[in-house]
Structures are given as C-alpha cells and as structure tokens.
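Throughout, protein chains are lettered first and strands after them, A, B, ... in sequence-line order, and every chain is numbered starting at 1.
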Amino acid sequence: MEETIIEQRKAKADALRARGENPYANDFRVTHLAADLHATYGDATAEALEAGTEDAAVGGRVMAVRSFGKVIFLVLADRSGRIQANLFKNELPEDDWTRLEQLDVGDIVGVRGGMMRTRAGELSIKARALRILTKALRPLPEKWAGLTDVAVRYRQRYVDLIANDEVRETFRTRSKVVSYVRRFFEERDFLEVETPILQPIYGGAAAKPFRTHHNTLDMQLFLRIAPELNLKRLVVGGLHRVFELNRCFRNEGISTQHNPEFTMLEFYQAFATYEDLIQLTEELLEGLCRHIHGAPDLVYGGETISFRGPFARLPVFEGLTKYAGVPEDKVRDREALLEAAHRLHIADAAKLSLGKLQMEVFEAASEPHLVQPTFVTDFPLEVSPLSRRKDAEPDLVDRFELYVAGREIANAFSELNDPVDQRERFLAQVRERAAGDEEAHPMDEDYVRALEYGLPPTAGQGIGIDRLVMLLTNSPSIRDVIFFPLLRPEV
RNA sequence: GGGCUGUUAGCUCAAUGGUAGAGCAGCGGACUUUUAAUCCGUUGGUUCUGGGUUCGAGUCCCAGACGGCCCA
C-alpha cells in the first residue's frame, strides 16, 4: 500500500515534468516567514487587509489541505510557524490552479500573494501564485494523533520533527541552552577550546571506552570518555580559563539517563577552588533557568524545582547518616556500611572497596531525596583520583557533585596538582584495574609530566548538557533531547 | 541480566478461539471562507517472525526479533 502511494506521487511528479516544471526546483525566493506575517498583520482588520498589502512570498510544507471546489485552504509550515494560504480559482493563473491536481499534503510549496482575513478571522495569504517546489513521495503521519510510535520517532526523527511541534521546541531549547552556556563563559574570559576525541590513552572519568584503530600508524585509539586531562594540560600551558562543549563516548548501557555518546561542558579555572565553582554553578543555572523559563524555577516530572541560589549542600557522610541510617561515628566502618548496603539491596556489596561502598550506599539512599538542587560534597579520596585532598581530612577531597531531580548533573573539584600524589593515585587505580575494575583509570605518564611542570591551583567542572536540557524541557528520557539516539539496527 | 508489557492497513487504534474492522491519509465525485471542513462512493492486510495446540488462531502455548516501563 505504501508502495502504491509512492507510485501515485511519483506519477504526479512526472505529470509536473510533463508540464515542463521541475518537481525539485530551487529558484523560489522567499520574502517573509509565517511569523513575520502574523507579527505584522496579526491585528489588522479584514477591511484593512482588503485595501491591499505588500506581496509576501512564503515557502513551506503543506500540513493540511481543505478543498471547497473553487477555493482551497492550505496550511503552510515554515521554520517560524504556520500560515494559511487561500487559493481562489478566479484569483490564480489557470496554470497554477490546474497544478493543484498534483499537490499533496507533505509537499513543499512556494506561495505568493497579498494578505487577507477569512470570515472565521484567519489571517491568510490570498495566493496569486503557487508552485510545487519539492514533491514529497511519502505520506505524513495521521494528522491529529500524529506520530507516537517511539521507535519510528527516534529512527526517523525527520518525521517526528515535521509532525510534533513540541519536539521542535525541545531542540530549539537545547540550542538556546548551549548558546547561553557559551556566552556565560565567554563573558567571564574563558577560552573555548577543542581537544582530541581520538586518544591513545583515555582518562578523566571512571568508564569503559570505545576502541578504534588508526591504520597508517597501526595504533590502537580510544574515543574520549572525558576531555579532562587535555584541558588541564592547557591550564599548565598558561590558558588559565578554558572550556569545551564536548561529545564524550562511554561504552556502557543505554537507558532513559544514558546514551553511549553524550554532550558535556567541561571548564577549568586557575586560582579557583571548588567553593568558587559552587557559586559559579548557582549563577549559571539560575540565569539559565530565567533565560529559558523567565523565572528561577521550573516544573520537572510534576515537581517544582527552584534554581534560586544558594543551593542546599550535603556532605557524603552526612547523607550516609541522614538517609542510609549509618551512625555518625560508623561512616568509615565497613560492617555498618555493609549492613546498610544489605538493607538497600545493593548487589555484591562485599566486593566493594570502602570508598566505593560509601558511595554506593550514599547514592542508593540519598538520590531520591535530592530533588531540589543540592551540592553533595566531601567525597572519599579513593573514588576521586584526580581531586585535591582536603587539608583537614586527608581521606576526603575538595569535590562536589550537583544533584537535581535525583540525578547527577555536574561533577567538580579542586584539581590535584601535586605530581607525586597524582602518580600514586594513578598507581592505585592501576592496582584496582589489575584486581578487575574495568572502569579504573589507566596510568597517564604524560599527564604526570605535565603536572611536574606545574599546574596552577585550579578548579574544574563537568556538566551534563543532555541531562540539563532534560530538566529544562521536562523530558523524561535522554532520547528526547538527542536528535539521533543510538538504537539497535533496523531489521 | 530479571520482571511486566506491547507489535493488526501509510498513521492512530478496534476485533468472546468462529467471515480482520473504524477514523485519518489515498483514489473518484459534490462544494467560493474552512480550521480535525462537510457529504457520497471507493482502493488498501505476510495481524512482527518461526513453530505448536485446535474442526478453526490476530486471539491460547513455545521460541525468537524489535520497542516501552520497572528492577538490578
């Protein structure tokens, strides 16, 4: 059946060719957008418009056709919105009128004419010319139920974007978020940089990488899991404020919160601490929320979330006591933590090192409570191989993660810049790796060498852009904010 | 990895184990102010795939594919 529709539409394209017209012409000049016309003539009366207006030439997709015999109403969609075009048999050249036999919903057309208002009050173009600029061969989804099959929506995002206004709006917001972030950091004298995606040694996060191969050098390469180490090399080099809006790749599962490739913002600021970044983050998120929503709060999944700073803070150990019921004096006690892990149904807890156990218990017990923006602080050193030790408590680090709506949105710390300590931390990671931890950090000798030249005191942060956009667009799945999420191959 | 659940016309969905249907889209026709236009007529099916039970399977059973939700 689909084939016959395509055949029918190909025949219409051929009919256009037989008239000497190219069904894929590219010589129509647009003068106005639909939104321009609504802005200019939205308040004009039918009489005022009838007195005559400037001609408008609009190009767009035909979203609906309502035919009355000698008058036909088209709904056109362009990048700005929609406008109706009215085709009256006695107003159109005969060629243009007969061409309508070849027109279908879904075609791209160019319409030119003055403005009018219908009896029902609809601002419209009174067409004096109509051309078919692109003949669509496939039909659009059903007109009011639209396209709902999520597999088709993700695989054929182009159809999703045509059919679903809110999808276009979500991605428009995504673009606004990225441009706001860029402006925010440029205004603060950060330099936008680009560092390699293909890396001989990966690092900067605890994650499994994608592997690839360079033929000429016959060399194994990894797709980056984070740009962190390269960005800090740049700080060593004297670029004391840098940021990168970067695509990262992690060879892990797919869920409503995870796509194997995702977008992160990382930035580094010399002569700053993680406390400075807490303030910067509050400023960034409150400003961003106001920019997108016009107010410092938003609704996500039915919860109102306020980005009015300062945000709440919760040290990891306090969370263990408050939400996991681990006594205050037992937060470093393996038995007490294992008991809590058991209550929280954490699998294989006995295999975990102390720091990992603390974090697993913390996350399982606390995440559901961290709905309002909350800085979780003071992480165990063991799970933070690149973070600076706390001066007062050397088994903790100067680090925070920002949680919103029960999810990690950002991760930041004062950077470890002692090359001797860093080498030891890498070696500890290498031992973890040998013991079977596939996500442990590999040794990076060149990074240690860079630190030996001197990384100024620095703080750095990563923010998950996809998850941030999910919050700002009230999207339940990361797939709703990524144009082409990874899917199994189509069968 | 486990549990639950879904897959029927191009799209959105129906169909006690008993002749596979509707709306929209398409096609033909009427109609000069519609807004999901309306009215008349009409085409269109490997019911995800492969087995099985049954006189008879879209429906029940088994296996698989592809999705969704929850848990790990």
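Pair assignment for B/G56: none, as no Watson-Crick or G-U wobble contacts are both less than 3.5 Å. When Watson-Crick and G-U wobble pairs are counted only if both distances are under 3.5 Å, B/C69 pairs with B/G3. The partner of B/U32 cannot be assigned: no Watson-Crick or G-U wobble pair with both contacts below 3.5 Å exists in any strand. Pair assignment for B/G26 gives B/U42, based on Watson-Crick or G-U wobble hydrogen-bonding distances that are each under 3.5 Å.
Distance noted for atom C1' between B/C11 and B/G45: 15 Å (whole Å). Rounded to a whole angstrom, the distance from the P atom of B/C31 to that of B/A15 is 40 Å. Rounded to whole Å, the C1' atom of B/G17 lies 11 Å from the corresponding atom of B/G58.
Within the 4.0 angstrom heavy-atom criterion, base atoms lie near A/S67.
Two rings, from A/F249 and A/F222, have their centers 6.0 Å or more apart.
For the pair A/F73 and A/V65, both in contact range of RNA chain B, the more 5′-proximal nearest nucleotide belongs to A/F73. When each of A/G69 and A/G121 is assigned the nucleotide of RNA chain B bearing its nearest heavy atom, the one mapping closer to the 5' terminus is A/G69.
To the nearest 0.5 angstrom, A/F400 atom CZ is 14.0 Å from A/L314 atom CG.
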Between A/T473 and A/E169, does a side-chain contact (heavy atoms from CB on, under 4.5 Å) hold up when you go through it step by step? CA-CA 9 Å; A/T473 57; A/E169 202 43 50; over 6 Å; no
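For A/E432 and A/K356, the salt-bridge test passes: some basic side-chain N is under 4.0 Å from an acidic carboxylate O.
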Throw together a table of side-chain donor-acceptor distances under 3.5 angstrom for residues 99-111 of chain A, partners on residues two or more places apart or in other chains.
from	atom 1	to	atom 2	distance (Å)
A/R99	NE	A/E21	OE1	2.6
A/R99	NE	A/E21	OE2	3.3
A/R99	NH1	A/D96	OD1	3.0
A/R99	NH1	A/L130	O	2.6
A/R99	NH2	A/E21	OE2	2.9
A/D104	OD1	A/K12	NZ	2.7
A/D104	OD2	A/K12	NZ	3.0
A/D104	OD2	A/K135	NZ	2.7
A/D107	OD1	A/K135	NZ	3.4
A/D107	OD1	A/A136	N	2.9
A/D107	OD2	A/D104	N	2.9
A/D107	OD2	A/K135	NZ	2.6

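Counting all heavy atoms, side chain and backbone alike, A/G114 lies closest to A/D55 at N-OD1, 3.4 Å.
Judged by distance alone with a 3.5 Å cut-off, a donor-acceptor contact links the side chain of A/T118 to the base of B/U35.
For A/A120, the side-chain atoms get nearest to B/U34 when compared with the rest of B/G26, B/G67, B/U34. With B/G10, B/G67, B/U32 as the choices, the nucleotide that has an atom nearest any side-chain atom of A/R155 turns out to be B/G67. In the set B/A25, B/G67, B/C69, B/C69 carries the atom at the smallest distance from any side-chain atom of A/T256.
Residues of residues 84-95 of chain A that place a heavy atom closer than 4.0 Å to RNA chain B, in numerical order, are A/Q84, A/F88, A/N90.
Dashed line: the shortest gap from a side-chain N or O of A/R66 to OP1 or OP2 of B/A37 is under 4.0 Å. The side chain of A/K12 places no N or O atom within less than 4.0 Å of a non-bridging phosphate oxygen (OP1 or OP2) of B/G26.
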Taking only nitrogen or oxygen atoms into account, show me every contact under 3.5 Å that the protein makes with nucleotides 11-13 of chain B, one pair per line with its distance.
from	atom 1	to	atom 2	distance (Å)
B/C11	O2'	A/E142	N	3.1
B/C11	O2'	A/G146	O	3.0
B/U12	OP1	A/T148	N	3.2
B/U12	OP1	A/T148	OG1	3.3
B/U12	OP1	A/D149	N	3.2

